[in-house]
Protein chains: 2
Amino acid sequence: MGLVIRNVLGSAGFRRATLMGPVTLKDLAEALGLSITTVSRALAGYNDVAASTRQRVMDAAAQMGYVPDVTARRLQKGRTDTIGFVIPTSGPRFSDPYFSELLAGIGNEAARHNYDLLVSTRTPDTPEEEATYRRLIEGRLVDGLLVVRTRVKDRRLAYLATTGLPFVAFGRSDLEVEFPCVDEDGFRGLELLGQHLIDLGHRRLAFIAAPENLMFGVYRRAGLEAVLQRHELSMPAEYVIVGDLTQRGGYTATNQLLDLSPPPTAVVACNDLMALGAISAVQKSGLVVGRDISITGFDDIPPAEHAHPTLTTMRQPIYDIGRQVCSMLIQLIQGEVLTKRHVLLQPTLIVRESTGPVQDGPHVRPA
Amino acid sequence: MGLVIRNVLGSAGFRRATLMGPVTLKDLAEALGLSITTVSRALAGYNDVAASTRQRVMDAAAQMGYVPDVTARRLQKGRTDTIGFVIPTSGPRFSDPYFSELLAGIGNEAARHNYDLLVSTRTPDTPEEEATYRRLIEGRLVDGLLVVRTRVKDRRLAYLATTGLPFVAFGRSDLEVEFPCVDEDGFRGLELLGQHLIDLGHRRLAFIAAPENLMFGVYRRAGLEAVLQRHELSMPAEYVIVGDLTQRGGYTATNQLLDLSPPPTAVVACNDLMALGAISAVQKSGLVVGRDISITGFDDIPPAEHAHPTLTTMRQPIYDIGRQVCSMLIQLIQGEVLTKRHVLLQPTLIVRESTGPVQDGPHVRPA
DNA sequence: CTTGACTTCCAAAACGGTTTGGAGTATAAT
DNA sequence: ATTATACTCCAAACCGTTTTGGAAGTCAAG
């Protein structure tokens, strides 16, 4: 980190960034007896400046510690080399590992292409969120936007579509707008999970759903219902509880489910966090997860494999999705044509300890 | 989100942001027959423009959808109204809930003051990390920086101190530089945890340390050793294992500890994530956490109270620390004098199920 | 000696705002 | 009628770059 404060004094006649403020092209030009144009072009590597001059310029720039002013460059170039990302989050106790990983994927990919990342955290569907999007776009703060966790009749997408600004979404939409997106096949994922449980003999499946305005929740629920129907099973209304995607939410929802009679033999949670909460609730009640009752999640966040018991879930490569979404956006921004505008990833079933054969079900028929 | 695409055509003679690009002050001025100066000053609310004119200008601005170009404004004003934040993260499987919460706190506070947040994710102590800091600062991309998870002989802090740019750190430093910071009293925290375990009769405490270059790890370890020494206890070298702060790291470290003879009766993990991993390891070995062996963490991240058993830990208001650190930085940027440049927060002991009286210890003496 | 082709450099015009320092006009005070 | 005082408005400079469209100078070919 350049701890050596090299050249505080500089060579005679050469100023460095100090109290006088940062060194500008003008300073360099004056020190060298050249024009601003030439200095600029020398540093940019144009071939209409003599090799010897270029060398002089580069030496002086290093000497004086010249670093171009990014803002000025942006104004002139008409682009910001910045990507916007508004994280949907409500309240203080926000801690979905899901977003940490997504952010890491996005951030690293952005850095790889020399893009900056402008991040905001906003509560979904609030005036503040809307204002943030408007500001990022209309204030020309970003060259493109990443939209995550798409919603039913998503106003963000509808708005973005009218602006013409490049954007890529993580998640599909029910709107009549076409846009590039990456999504996991949640329908298929819950078919697989449901089938897995049915194979284990489960017939009374309960579902802890996502808030109903989230697209991914719609797909996942539909997938579960499809596979149940295929086996001529169905979930009574009281077996379906809408959760808030947090661990606490899964915990309280599961408590409700356990109070039913008969209680379900398997609880399908819409995401891992709620599944982890469900595990706690079951254990608190004295039952053994994986034997007395089976639990499944979705996402395969890191805690899933360290839970006790470990969690059966669908793996979704969140980090890579972050990278991919970001990569697609940058391609769009740079005017390239995407080879695939709509990517649907297949999640894979990870069977662990939280699911097991049904114990007391009427139709025990091991897989 | 203004779904109504109002005025695509606009009123006669008024252009809106469309294919022609965004509306500028110049466009407004021409449409109104005024000078750019007057339009600018009208919108800025100066009192040297007639009320009627101001109204005309504001109407037209709304009509034509004028939004100022933030970049241009920044260049002129010489500030970016942006805060930088480099998140230390290594690799794909990064998911510390700690950072999600911190980010939420920072982001919300920044938004409250109309600051943008420029976020990068970089592996600590790498050339990339250094380059990122240099770029943010020397490229004048941010008005101030937030530094988190301070390190021993932290090069970031040493560098920042030479730049004169406002910054606030979450964590103290061993360097001879003074800077504003917020930190939790990790020393005191581990004294309390250690005392709690000693009170429960534990004598063989093991410690899963943080990487040795992290300042918070130094304080926490020293705190534990201090309380042990006060009771004329000590930890043999094999009872101290350096972990990587992840759940997996806590898991493997605990496996090593359990293989020792005699094994420890209590495992003190440097953070919650490792403590959760420790719980898994103990359970995997067939022992019961809280009875056969006690485990403690630090941070009180949300999963801590949903683990099974729930985790005894030190609570640290991470979200609020994020807010506070951000708030202090903004005060600094705006030239205000901080009432308190060094904030040391007292964490509180949260006793839950993962700790209990020692079973087979030689000196059983319940609290 | 011209002419054309290169090479090397630069003045000036963007980019889209804000700010400075008047200028012009009406109104009020002398 | 003259001077002072507001009140409105604006041209031009500025922020720090990049880019455009030459302008000199050199050199070899004709």
Side-chain angles (χ1 to χ4, degrees), chain A residues 15 17 20-58 60-61 64-82 135 137-143, chain B residues 15 17 20-58 60-61 64-82 135 137-143:
Chain A
R15 56 174 297 214
M20 315 181 60
V23 177
T24 69
L25 276 187
K26 187 162 161 240
D27 299 325
L28 263 184
E30 279 168 4
L32 287 165
L34 290 170
S35 75
I36 292 178
T37 307
T38 301
V39 175
S40 173
R41 296 183 72 86
L43 292 172
Y46 283 80
N47 65 355
D48 65 352
V49 15
S52 60
T53 309
R54 170 172 21 256
Q55 199 48 246
R56 274 212 310 145
V57 170
M58 284 173 40
M64 299 169 65
Y66 169 74
V67 179
D69 183 304
V70 176
T71 303
R73 209 206 284 266
R74 283 181 178 173
L75 177 58
Q76 156 65 29
K77 292 230 177 198
R79 54 193 169 81
T80 62
D81 294 323
T82 302
R135 178 177 144 68
I137 296 168
E138 300 178 3
R140 282 145 278 177
L141 276 163
V142 298
D143 292 342
Chain B
R15 57 173 295 211
M20 316 180 60
V23 177
T24 69
L25 275 188
K26 187 161 161 242
D27 298 325
L28 263 185
E30 279 170 5
L32 286 164
L34 290 170
S35 75
I36 292 178
T37 306
T38 303
V39 175
S40 173
R41 296 183 73 87
L43 292 172
Y46 282 80
N47 65 353
D48 65 352
V49 15
S52 60
T53 309
R54 181 188 354 271
Q55 199 48 244
R56 275 212 309 142
V57 170
M58 283 173 40
M64 298 169 65
Y66 168 76
V67 179
D69 183 303
V70 176
T71 304
R73 208 207 287 267
R74 283 180 178 174
L75 178 59
Q76 156 65 28
K77 293 229 174 197
R79 55 193 168 82
T80 62
D81 295 323
T82 301
R135 179 178 144 70
I137 296 168
E138 300 178 2
R140 282 144 278 176
L141 275 164
V142 298
D143 292 342

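So you know, we letter chains A, B, ... as the sequences are listed, proteins then strands, and number each from 1.
Checked by atom type and distance alone, the side chain of A:Arg54 never pairs as donor or acceptor with a backbone atom of A:Ser52 at under 3.5 Å. Checking side-chain atoms of B:Arg74 against main-chain N and O of B:Ala72 turns up no donor-acceptor pair under 3.5 Å. Distance alone, capped at 3.5 Å, places no donor-acceptor pair between the A:Arg140 side chain and the A:Thr80 backbone.
The side chain of B:Ser35 approaches D:dA11 more closely than any other nucleotide in the set D:dA11, D:dT18, C:dG17. Distance from the side chain of A:Tyr46 is smallest to D:dT19 among C:dG16, D:dT19, C:dT8. Looking at the side chain of A:Lys77, the nearest of the listed nucleotides C:dT18, D:dT17, D:dT18 is D:dT18. Listed candidates were C:dG16, D:dT17, C:dC9. Nearest to the side chain of A:Thr38 is C:dC9. Considering only the side chain of B:Asp69, C:dG16 comes nearest among C:dT18, C:dT8, C:dG16. Distances were taken from every side-chain heavy atom of A:Arg73 (C-beta onward) to each of C:dT18, C:dG16, D:dT17; the shortest belongs to D:dT17.
In this structure, B:Lys26 atom NZ and C:dG17 atom P are separated by 11 Å, rounded to whole Å. Rounded to an integer number of Å, the gap from OH of A:Tyr66 to C1' of D:dT17 is 7 Å. When the P atom of C:dT8 is taken as reference, atom CG of A:Leu32 falls 17 Å away, rounded to whole Å. Look at CG on B:Leu75: it is 13 Å from P on C:dT19, rounded to the nearest Å. Note: CG (B:Leu28) to P (C:dG16) measures 13 Å, nearest angstrom. The separation between B:Arg74 atom CZ and C:dT19 atom C1' is 20 Å, rounded to whole Å. When the P atom of C:dA14 is taken as reference, atom CD1 of B:Ile36 falls 12 Å away, rounded to whole Å.
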Quick test: give all pairs of protein nitrogen or oxygen and nucleotides 20-26 of chain D nitrogen or oxygen below 3.5 Å, distance rounded to 0.1 Å.
none

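For C:dC9, one of the phosphate oxygens OP1 or OP2 lies less than 4.0 angstrom from a side-chain nitrogen or oxygen of A:Thr53.
Looking at B:Asp143 and B:Arg79, no side-chain N of the basic residue comes within less than 4.0 Å of a carboxylate O on the acidic one, giving no salt bridge.
The only option from A:Leu141, A:Thr71, A:Val142 that meets the side chain to side chain contact (heavy atoms under 4.5 Å, CB included) definition with B:Val70 turns out to be A:Leu141.
Among the heavy atoms of the strands lying under 4.0 Å from B:Leu34 are primed sugar atoms or P, OP1, OP2 only; no base atom is included.
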Show me, pair by pair, the donor-acceptor contacts under 3.5 angstrom made by side chains of residues 29-37 of chain A, not counting sequence neighbours?
residue, atom, partner, partner atom, Å
A:Ser35, OG, A:Thr37, N, 3.4
A:Ser35, OG, A:Thr38, N, 3.1
A:Ser35, OG, A:Thr38, OG1, 3.1

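Between A:Leu25 and B:Gln76, it is B:Gln76 whose nearest contact on DNA chain D lies nearer the 5' terminus.
For A:Arg73, the side-chain hydrogen bond (donor to acceptor under 3.5 Å, both in side chains) test picks out no residue, with sequence neighbours left out.
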